[in-house]
*Asks:* 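Would you mind keeping the following structure in view while I ask a few things?
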Amino acid sequence: MADENNQKKKQDNKNPKRIPNKKFSIKKRLPVRPVEGNNVIFVTKKTNFKAQLDKCCDLLTKGEKEIILHGLGAAIQRCCNLALQLEILFSGTCQIEVNTGTVDLIDDLEPLTDDVDFGAQVRHSSSIHIRIFRTAMLGANQ
């Protein structure tokens, strides 16, 4: 049993990201944003869901042919819920195209003491990109 605990401690020491380091403070940089535009919406956990839904509805009703939703990490579920709500609201007139991926996020390591240098570390986060596009206009003769 003692040998297993020693092996676990040795494995933990090999990965420096897992060890809390008291020599640095971590400052998280903002993620790199894809192409921005009027029809691109970045979904976050902090923004009001109803406000995001209203913004998407306004874009689609004002004649926008497509909107693109982007979500990272914990906001992926909210991004999916938003797309599904739009599909329900615009039933039969919209389609959804989903792409998932991984985004590299960079954290700056700022030293708390003078004996260490500045540094950076890279971590990975899941991402989702949902394209919602109109297939038919409401009220159009078909």
Side-chain angles (χ1 to χ4, degrees), residues 1 4-142:
M1 187 70 171
E4 291 176 14
N5 289 338
N6 289 337
Q7 288 177 350
K8 286 182 183 179
K9 287 181 183 178
K10 287 179 183 178
Q11 288 175 352
D12 290 342
N13 290 338
K14 290 179 184 178
N15 191 351
K17 292 181 186 177
R18 300 280 183 200
I19 301 171
N21 196 340
K22 299 190 191 287
K23 294 182 180 181
F24 294 103
S25 68
I26 297 175
K27 303 290 182 186
K28 296 180 179 180
R29 289 188 200 173
L30 290 175
V32 177
R33 290 189 167 205
V35 177
E36 293 193 28
N38 292 337
N39 63 339
V40 178
I41 297 172
F42 297 96
V43 179
T44 64
K45 292 287 285 182
K46 295 181 180 181
T47 309
N48 187 358
F49 183 81
K50 180 73 172 138
Q52 291 173 334
L53 183 63
D54 290 343
K55 183 176 181 180
C56 293
C57 288
D58 288 344
L59 286 172
L60 287 172
T61 55
K62 289 181 180 175
E64 196 71 47
K65 296 203 186 287
E66 71 175 11
I67 60 173
I68 301 170
L69 305 176
H70 296 282
L72 280 178
I76 289 176
Q77 182 179 0
R78 178 171 265 202
C79 192
C80 293
N81 287 338
L82 184 60
L84 292 173
Q85 288 296 316
L86 288 169
E87 187 179 35
I88 291 169
L89 290 172
F90 294 93
S91 60
T93 62
C94 286
Q95 287 188 348
I96 296 176
E97 180 182 304
V98 180
N99 292 318
T100 59
T102 304
V103 176
D104 293 335
L105 302 174
I106 301 172
D107 298 336
D108 293 321
L109 300 174
E110 295 182 357
L112 297 174
T113 60
D114 292 337
D115 61 337
V116 290
D117 291 332
F118 286 89
Q121 70 181 16
V122 177
R123 56 190 171 89
H124 308 288
S125 180
S126 301
S127 66
I128 192 165
H129 312 285
I130 302 175
R131 180 177 161 250
I132 303 168
F133 56 96
R134 300 297 292 262
T135 55
M137 297 300 286
L138 288 173
N141 294 336
Q142 295 180 354

*Asks:* Can you measure from CD (Q52) to CD1 (I41) and round to the nearest 0.5 angstrom?
*Replies:*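 So the CD of Q52 and the CD1 of I41 are separated by 8.0 Å.
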*Asks:* What are the two closest non-hydrogen atoms of N39 and L59, and how far apart are they?
*Replies:* CA-CD1, 4.2 Å
*Asks:* Excluding sequence neighbours, so at least two apart, what forms side-chain hydrogen bond (donor to acceptor under 3.5 Å, both in side chains) with N99?
*Replies:* none
*Asks:* Less than 3.5 Å apart, which donor and acceptor atoms pair up between the side chains of residues 26-33 and the rest of the protein, not counting sequence neighbours?
*Replies:*
residue : atom : partner : partner atom : Å
R29     : NE   : D108    : OD1          : 3.0
R29     : NE   : D108    : OD2          : 3.1
R29     : NH2  : D108    : OD1          : 2.8

*Asks:* Which pair of heavy atoms, one from D117 and one from F24, lies closest together, and at what distance?
*Replies:* O-CE2, 3.1 Å
*Asks:* Would you be so kind as to tabulate the donor-acceptor pairs closer than 3.5 Å made by side chains of residues 65-79, with sequence neighbours excluded?
*Replies:*
residue : atom : partner : partner atom : Å
E66     : OE1  : R131    : NE           : 2.5
E66     : OE1  : R131    : NH2          : 3.2
H70     : ND1  : H129    : ND1          : 2.6
R78     : NH1  : T44     : O            : 3.2
R78     : NH1  : K45     : O            : 3.2
R78     : NH1  : T47     : O            : 2.5

*Asks:* First locate atom CG of L82, then atom NZ of K55, and finally report the distance between them rounded to the nearest 0.5 Å.
*Replies:* 11.0 Å
*Asks:* From the options T102, V103, T100, select the one residue that forms a side chain to side chain contact (heavy atoms under 4.5 Å, CB included) with S127.
*Replies:*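 Filter result, single survivor: V103.
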*Asks:* Take L86 and C94, measure what side chain to side chain contact (heavy atoms under 4.5 Å, CB included) needs, and give me the verdict at the end.
*Replies:* CA-CA 8 Å; L86 288 169; C94 286; over 6 Å; no
*Asks:* Heavy-atom count check: over 12 atoms from other residues, nucleotides or ligands less than 6.0 Å from D114 CG?
*Replies:* no
*Asks:* If you count heavy atoms of other groups shown closer than 6.0 angstrom to CG of N38, is the number above 12?
*Replies:*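 No.
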*Asks:* Hey, what do you get for CG (D58) to CG (L53), rounding to the nearest 0.5 Å?
*Replies:* 9.5 Å
*Asks:* Between A120 and I106, which heavy-atom pair has the shortest distance, and what is it?
*Replies:* CB-CG2, 4.2 Å
*Asks:* Can you tell me how far the CZ atom of F90 sits from the CD1 atom of I132, to the nearest 0.5 Å?
*Replies:* 9.5 Å
*Asks:* If you measure from CG on L84 to CD1 on I130, what distance do you get to the nearest 0.5 Å?
*Replies:* 7.5 Å
*Asks:* Mark yes or no for whether R134, through its side chain, and E64, through its backbone, hold a donor-acceptor pair below 3.5 Å.
*Replies:*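 Side chain of R134 to backbone of E64, a donor-acceptor pair under 3.5 Å: no, none is there.
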